[in-house]
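These notes concern the structure reproduced below.
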Amino acid sequence: MPPLHQAPRGTRDFYPEDMAVRRHIEAAWRKASIDHGFDEVDGPTFEHLDLYTVKSGEGIVNELFSFRRAGGESTYALRPEFTPTLARMVAAKGASLPVPTKWFAIPSFFRAERPQRGRLREFFQWNVDVVGQGGAKADAEVIAVAVGALERLGLGPGDVQVRLSHRRAVANILARLGIAEDRLPAAFELLDRRDKLEPEAFARRSGELGLAGDTLARFDGLVRATVPVSESIEGLVRAAAIPEADVIDLVEMRSALEAVGIADWCRYDLGIVRGLAYYTGTVFEIHAVGAVERAVAGGGRYDGLIELFGGAPTPACGFGMGDVVLGLLLEERGLLGGADGHAGLLPRPDVFVIAAGSEAAEQLLLPLVTEFRRAGLHARHTYRATRNVGKLLGEASRSRARFAVILGQELERPEGPQAMVKDLLSGAQRPVLLASVVKEIAATA
RNA sequence: GAGACCGUAGCUCAGUAGGCAGAGCACCUGAUUGUGGUUCAGGACGUCGCGGGUUCGAGCCCCGUCGGUCUCCCCA
C-alpha cells in the first residue's frame with residue numbers, strides 16, 4: 001500500500017462538521033454584509049507578485065507563496081490579503097463606480113508563516129470596505145457591519161470589544177508632547193508593541209523618541225488608559241493637558257457609533273494604532289474580552305492607498321476578520337452548535353424514509369424519496385435491508401430528521417396503501433395514505 | 001527562520017524497569033419477526049506519525065524527518 005499523504009503544513013481539511021462551522025461563520029458574514037448594503041466581490045486567487053511589493057516592499061516576499069509557471073516569465077503570488085486586489089479593481093473602474101462603493105469579499109488567503117494558534121497558512125478572511133466616502137459616519141458604518149456579524153453569531157458586548165483610536169488624534173497628541181514629525185512612524189510602531197514590551201523597555205524606547213519625565217508619564221497614561229465610548233475622551237486628554245481639539249476625530253466617532261447603535265461595544269484605546277503605515281484615520285481592532293488571543297478583526301481608514309495603486313485619490317475604510325481566531329472564540333463560548341456539537345450546524349433532513357423488510361416496501365423507497373426531493377424537501381433514506389424497525393428508527397433518529405416514514409405492513413391496508421409517518425420529536429405516529437404522504441409532510445416541514 | 005513540548009484504535013487517552021499493544025466512548029451483531037438515544041451479551045478495530053540505528057528483543061533508548069501545539073521573529 002502506498003503511504004498516506006498528509007495535508008501541507010498549516011492547511012486544514014474540512015470534514016462535514018468542519019464545513020458546517022465554516023458555512024455558519026460565512027453565512028453570518030454574508031448576511032451582515034448584505035443587510036448593511038454591501039455587494040459581494042472576489043478576485044483571482046493569485047496575482048502578479050509585484051502587486052504586493054507596491055505597498056509592503058520587497059520584505060513581504062518571504063511571507064508569500066510565490067511561483068513561476070514552468071517556462072514562464074511572470075512571477076505570481078498566492079494572495080496574502082485582499083486590499084491590493086481591491087485597490088486594483090477600484091482603480092480599474094475609476095469614476096464609473098458609485099459613491100460610496102460598498103464591497104465585501106470572503107476569499108481564502110495564503111501566508112508562508114510558521115503556523116501557531118489562531119494562525120495558519122491558508123485561512124478565510126472577511127473583507128469589508130467603503131470606498132469613496134470619508135468621515136466618521138463611513139467609519140462607523142464599517143464597524144457596525146463587523147459588530148452585526150458577531151452579534152448574529154451569538155456574541156455580545158460582554159464577549160468582544162471594539163478598541164478604537166484615530167491616527168490623526170494620536171499624531172496630534174504625540175506632536176503636542178514634543179515628538180518630531182519624522183519620529184511619528186517610530187512612535188506608532190512603539191505604541192503598537194506596547195503590550196509586548198516590559199515597562200522599562202517601553203520607557204527606554206519612549207525616551208529615545210524624546211519623551212522623558214512628566215511628558216513620558218502623560219504619554220504612558222494616555223496610551224494605557226481605555227475609556228468606554230459613552231464616557232468622556234475629552235476628560236482623559238484634558239487630564240493629560242492635551243487640548244480637546246486634538247481628539248476631535250474621536251469625539252465625532254462617538255455620535256456616529258451611537259447613531260448606528262453600537263457605542264456600547266466600543267472603547268477608546270489610544271494604544272491601538274495598527275502596525276501598518278497606510279492607515280490615515282480611524283483605526284480599530286476587535287478583541288475578545290479578557291483574552292490574550294490575537295485580534296478577531298482589525299481595520300481602519302486608508303485614504304492614500306487607492307492612489308498608491310494607480311487610482312484617483314480616493315478615501316476608503318475597511319477591515320478584515322479571519323475565520324481562525326473567530327472560530328476559536330466561538331468554540332470557547334460554546335456557540336458552535338448545541339448539545340449535538342458541531343453536528344448541530346449540519347442541515348437537518350425533513351424526512352427519513354425506511355423500508356421495513358418487504359420487497360414491496362423496498363420497491364417504493366426510492367420513488368418516494370424522489371417525490372420528497374421534487375417537493376423541495378431534504379430527504380434521506382436507509383441503505384439497509386432489515387425488518388428490525390428499531391434499528392431503522394435509530395438510524396432515522398441519528399440523522400436528526402424531523403419525520404420518519406415507514407414503508408411496511410400498512411401498504412397492505414384494504415382502504416389503500418399507507419405509510420406510517422412518525423414525528424421524531426414527539427414520538428407520535430399515524431398512518432397516512434401513501435398518495436398524500438409527501439403533501440402532508442411538505443405542509444408541516 | 002530559532003527554540004521547547006507532543007504524535008499509541010474512528011475519538012479521548014493509559015502503557016510501569018526495554019519483554020505478548022490496552023481502557024472508556026463511538027461502531028457492528030444479537031437478545032428484539034414492526035417502533036428511536038437505555039440495558040445486557042458478543043464482535044470488529046492498530047504500518048504505536050514516517051525512516052534509520054542500538055539491542056536477543058523497541059510504543060519506550062539514540063539520530064533524522066513529517067505534522068501539531070507554544071514562545072521568539074512577523075502579523076497585511
Side-chain angles (χ1 to χ4, degrees), chain A residues 1-13 15 17 47 51-57 59-64 77 79-87 107 109-121 123 125 127 189 192-193 196 274-279 283 285 292-295 297-300 302 305 308 318-322 324-325 328 339-343 352 354-358 361 382 384 386-401 403-412 419-431:
Chain A
M1 240 174 41
L4 248 47
H5 294 281
Q6 285 180 321
R9 164 183 286 206
T11 64
R12 290 169 289 177
D13 292 323
Y15 290 94
E17 292 187 12
E47 295 270 11
L51 183 71
Y52 298 117
T53 55
V54 167
K55 186 185 99 191
S56 313
I60 195 74
V61 174
N62 293 327
E63 317 277 326
L64 299 176
R79 62 182 169 199
E81 59 166 327
F82 195 64
T83 308
T85 299
L86 178 94
F109 296 107
F110 308 86
R111 296 181 186 176
E113 300 173 298
R114 180 125 183 205
Q116 50 185 281
R117 182 175 173 83
R119 191 175 189 187
L120 298 172
R121 288 184 160 189
F123 56 95
Q125 187 175 281
N127 284 257
E189 196 196 325
D192 194 44
R193 299 182 52 78
K196 284 194 174 178
R274 309 283 295 154
L276 295 170
Y278 64 76
Y279 286 113
V283 284
E285 291 179 0
V292 291
E293 209 84 61
R294 60 187 66 245
Y302 50 96
L305 204 62
L308 186 63
F319 72 87
M321 183 186 295
V324 183
V325 175
L328 289 170
D340 295 334
H342 296 177
F352 192 97
I354 63 187
S358 77
T382 185
R384 295 203 277 193
T386 171
R387 288 166 192 281
N388 190 334
V389 170
K391 291 270 184 255
L392 295 170
L393 280 173
E395 201 184 355
S397 176
R398 279 191 300 276
S399 84
R400 301 165 58 251
F403 292 99
V405 170
I406 305 163
L407 298 174
Q409 294 169 348
E410 295 79 7
L411 295 170
E412 309 299 329
M420 192 60 85
V421 173
K422 187 176 179 84
D423 181 328
L424 289 171
L425 286 183
S426 68
Q429 65 177 27
R430 63 197 178 86

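Naming convention: chains lettered A, B, ... in sequence-line order (proteins, then strands); numbering from 1 in each chain.
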Assess the residue pair A/Phe403 and A/Asp423 against the criterion (side chain to side chain contact (heavy atoms under 4.5 Å, CB included)); give the C-alpha distance rounded to whole Å, side-chain angles, the decisive distance to 0.1 Å, and a yes or no. CA-CA 5 Å; A/Phe403 292 99; A/Asp423 181 328; 4.1 Å; yes
P gap between B/G7 and B/G49, integer Å: 8 Å
More than 12 foreign heavy atoms under 6.0 Å from CZ of A/Arg387: is that the case here? no
Rounded to whole angstrom, note down the P distance from B/U16 over to B/G22. 14 Å
Please classify the nucleic acid contact of A/Asn127 as base, sugar-phosphate, or nothing, using heavy-atom distances under 4.0 Å. nothing
A/Gln116 CD to B/G68 P: how many Å, rounded? 12 Å
Between B/A76 atom P and A/Tyr278 atom OH, what is the distance in whole Å? 7 Å
Output the single nucleotide from B/U33, B/G30, B/U35 whose closest atom is nearest the side chain of A/Lys391. B/G30
Checking all strands, does A/Gly394 fall into the base, sugar-phosphate, or nothing category for heavy-atom contacts under 4.0 angstrom? sugar-phosphate
When rounded to the nearest Å, what value does the distance between C1' atoms of B/C72 and B/A9 take? 37 Å
Roughly how far apart, to the nearest Å, are B/C60 and B/A17 at atom C1'? 10 Å
Hey, does A/Leu64 have a side-chain heavy atom less than 4.5 Å from the side chain of A/Tyr52? yes
For A/Leu64 and A/Ala356, take the nucleotide of RNA chain B holding the closest heavy atom to each; which residue's nucleotide lies nearer the 5' end? A/Ala356
Please work out if A/Ile406 contacts a base, only the sugar-phosphate, or nothing of the nucleic acid, heavy-atom cut-off 4.0 Å. base
Nucleotide nearest A/Asn388 (side chain, heavy atoms from C-beta), chosen from B/G36, B/U32, B/U33: B/U32
Using a cut-off of 4.0 Å on non-hydrogen atoms, how would the nucleic acid contact of A/Gly299 be classed: base, sugar-phosphate, or nothing? nothing
Let me know the distance between CD of A/Glu285 and C1' of B/C75, rounded to the nearest Å. 11 Å
Closest nucleotide among B/C28, B/U35, B/G68 to the A/Pro115 side chain: B/G68
Structure string for RNA chain B in dot-bracket form, Watson-Crick and G-U at under 3.5 Å, | interchain: (((((((..((((.....[..)))).(((((.......))))).....(((((..]....))))))))))))....
Any side-chain heavy atom of A/Tyr279 sitting closer than 4.5 Å to one from A/Leu305? no
Report the nucleotide, chosen from B/A4, B/G30, B/G36, that has the shortest atom-to-atom distance to any side-chain atom of A/Arg114. B/A4
Tell me whether the OP1 or OP2 atom of B/G67 has a side-chain N or O from A/Arg9 closer than 4.0 Å. yes
Scan nucleotides 5-13 of chain B nucleotide by nucleotide, 5' to 3', and note B when protein non-hydrogen atoms come under 4.0 Å of the base, S if they reach only the sugar-phosphate, - if neither. ---------
Report yes if some heavy atom in the side chain of A/Gln125 is under 4.5 Å from a heavy atom in the side chain of A/Glu81; otherwise report no. no
A/Leu393, nearest nucleotide to its side chain (from B/C27, B/U35, B/G1): B/U35
Over how many whole Å does the gap from A/Leu120 atom CG to B/A76 atom P extend? 16 Å
How would you label the contact of A/Gly298 with the nucleic acid (heavy atoms, under 4.0 Å): base, sugar-phosphate, or nothing? nothing
I'd like to know if A/Lys422 reaches the base of B/U35 with its side chain such that a donor and an acceptor end up less than 3.5 angstrom apart. yes
How many whole angstroms separate atom CD of A/Glu113 from atom C1' of B/C72? 14 Å
Nearest-angstrom distance from the residue atom CG of A/Leu425 to C1' of B/U35: 16 Å
Taking atom P in both B/G53 and B/A4, what distance in whole Å separates the two? 26 Å
Quick one: A/His342 NE2 to B/A26 C1', roughly how many Å, whole number? 17 Å
Taking any heavy-atom pair under 4.0 Å as a contact, classify A/Gln429: base, sugar-phosphate, or nothing. base
Does B/U29 have OP1 or OP2 under 4.0 Å away from a side-chain N or O of A/Arg384? yes
Presence of A/Arg111 side-chain N/O under 4.0 Å of B/A76 phosphate oxygens OP1/OP2: no
Report yes if the side chains of A/Glu63 and A/Pro80 come closer than 4.5 Å at any heavy-atom pair, otherwise no. no
Picking from B/A76, B/G36, B/U35, the nucleotide nearest the side-chain atoms of A/Met420 would be B/U35
P atoms of B/U39 and B/A44, separation to the nearest Å: 22 Å
Please give the distance between the P atoms of B/U35 and B/A26 as a whole number of Å. 23 Å
Under 4.0 Å, heavy atoms only, any strand: does A/Gln125 hit a base, just the sugar-phosphate, or nothing? nothing
With respect to the side chain of A/Arg398, which nucleotide from B/U35, B/C27, B/G30 is positioned closest? B/C27
With A/Glu113 via side chain to side chain donor-acceptor pair (under 3.5 Å) - residues at least two apart: A/Arg119
When you compare B/C66 with B/G51, how far apart are their C1' atoms, in angstrom units rounded to a whole number? 10 Å
